[in-house]
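Sharing a structure here in structure tokens format.
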Amino acid sequence: MKLINIKEAKDRLNHDGIVAIPTETVYGLGAWIYSEKGLKTIFSTKERPFFDPLIVHVDSIIKARALTMEWTKIHEVLAQECWPGPLTLIAKKNDLINPLITSGLDSVGLRCPNHPLTLKLLSQMEGGIAAPSANKFGKTSPTSSLHVFQEFGDEVPILEGGPSEVGIESTVVGISEGKLEIFRPGFYTASKLSDVLKKHGLSINVSYAESPVAPGQLKHHYMPRIPLIIVPENVDREKIQQEIEIPFENPVFWKQPKSPEIASRELYQKMREFDEKGYDIIFAEKGRDHSREEWLGIWNRLEKAKTLSLIL
Ligand code: TXA
Ligand code: MG
């Protein structure tokens, strides 16, 4: 594993290189926003299509605002209350943002990650770091340096920052005409965001985008190697055997822990473990209280990772 320190990370980024950076959500594959070569390397290394825009990471609201054409009161309130943290705000971009970052869109996703090492690195850099999750396109996101190494080997140097605390990617919100739309669910739910805004006297409609317009929100994503089937909690195992056409010998039945925070922290690690431990199929059990909002981020990822759902 090629582990580097903050100074080396900064040097590499400023000289057209890419570096894996730790964040509280997942590890990112970073390039300096002003290095076109670095940005292109992200796409080629990840085998990511150019139509999927990157999130820009900054260490302050001032730096975020400097990259936008329009920074509304809503942006300001959410950034002040939720940053550093797992929330990506979409804003109208200005000319400092390379179209490669936004896939040609006129808006950019901005986020201030809550990780001391990455914040320190960002504080020493001009602009920011563009970083998607540090995994091959469509594969499971990394929540540790080992995961990054398993995906890219020595090709990508890593700033080691320990395991990611939140464990699933940031909530992505679009802000337009006084309404807020959640394109990707995560730690910050609609209720949490709505409460934050209300505290500041802003009564704004916050909703989940039904069919997310966010590019890159493809149906299949985060896929483990073995089939993943969503089943009801405490499902009858005999019944599954009769219903399912996929042959299997060594299934794992996956119950989520009680707390959604712990569930999200462990989610991707578990998927990897199941892949590695020689199981040949995963049955992810959906609990009765999993329709609660705090579980949306987790089940959104599982829905994208699934082969199919069994409703028995
Ligand atoms: O937690 C995270 O957000 C992690 C860490 C590394 O910060 N990053 C991450 O990046 O998950 P990525 O590339 O895997 O997902 C970024 C997604 C895009 O696929 C897209 O759905 C959305 O963010 N996005 C980015 N810019 C956007 C824009 N201008 N408009 C709409 N959606 C955008
Ligand atoms: Mg990703």
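Indexing begins at 1, ligand by ligand and atom by atom, following the structure's order. Computed from heavy atoms alone, side chains included, the values below leave out hydrogens, waters and symmetry copies.
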Strictly under 2.8 Å, is any N, O or S atom of Ser133 next to the Mg ion (ligand 2)? yes

Hey, do the aromatic rings of Phe283 and Phe248 have their centres closer than 6.0 Å? yes

Under 3.5 Å, N or O to N or O, is Thr23 touching ligand 1 that way? no

Before signing off on this row, confirm whether Arg48 and ligand 1 have an N or O atom pair separated by under 3.5 Å. yes

Anything under 30° is parallel, anything over 60° is perpendicular, the rest tilted; go ahead and classify Trp71 against Trp83. tilted

Geometric class of the His290/Trp299 ring pair [parallel <30°, tilted 30-60°, perpendicular >60°]: tilted

Does the residue Ser107 have a heavy-atom contact with ligand 1, meaning some pair of atoms that are separated by less than 4.0 Å? yes

Mark yes or no: Lys192 above the aromatic ring of Phe187, with NZ or CZ under 6.0 Å from the six-membered ring centre and no more than 45 degrees from the axis. yes

Is the closest N or O pair between Ser170 and ligand 1 shorter than 3.5 Å? yes

Atom indices of ligand 1 within 4.0 angstrom of Glu169 heavy atoms, with elements: 1 (O), 2 (C), 11 (O)

Taking the side chain as every heavy atom from C-beta outward, state whether His200 and Glu81 have any atom pair closer than 4.5 Å. yes

Take atom NZ in Lys120; do more than 12 heavy atoms of anything else shown fall under 6.0 Å from it? no

Minimal heavy-atom distance between Lys136 and Thr45, with the atoms involved, is NZ-O, 3.6 Å

Number the atoms of ligand 1 from 1 as they appear, then name those within less than 4.0 Å of a heavy atom of Asp52, with their elements. 18 (C), 19 (O)

Out of Pro132, Gly186, Ala209, whose heavy atom is nearest to atom 10 (O) of ligand 1? Pro132

Do any heavy atoms of Thr102 fall under 4.0 Å from ligand 1? no

When you measure from atom 24 (N) of ligand 1 to each heavy atom in Ala91, Ala20, Pro53, Gly109, which option holds the nearest one? Pro53

For Arg111, atoms of ligand 1 separated by under 4.0 Å from a heavy atom: 1 (O), 2 (C), 3 (O), 5 (C), 7 (O)

Considering the heavy atoms of Leu105, write down every atom of ligand 1 situated less than 4.0 Å from one of them. 28 (C), 29 (N), 30 (N)

Can you name the atoms of ligand 1, numbered from 1 with element, that are less than 4.0 Å from a heavy atom of His57? 5 (C), 6 (C), 7 (O)

Test log, rule side chain to side chain donor-acceptor pair (under 3.5 Å), inputs Glu273 and Gln269: CA-CA 6 Å; Glu273 271 174 37; Gln269 168 69 32; 3.0 Å; yes

Minimum heavy-atom separation for Val19 to Leu159, with atom names? CG1-N, 4.4 Å

The atoms of ligand 1 lying under 4.0 Å from a heavy atom of Thr25, numbered in the order shown, are 1 (O), 2 (C), 4 (C), 5 (C)

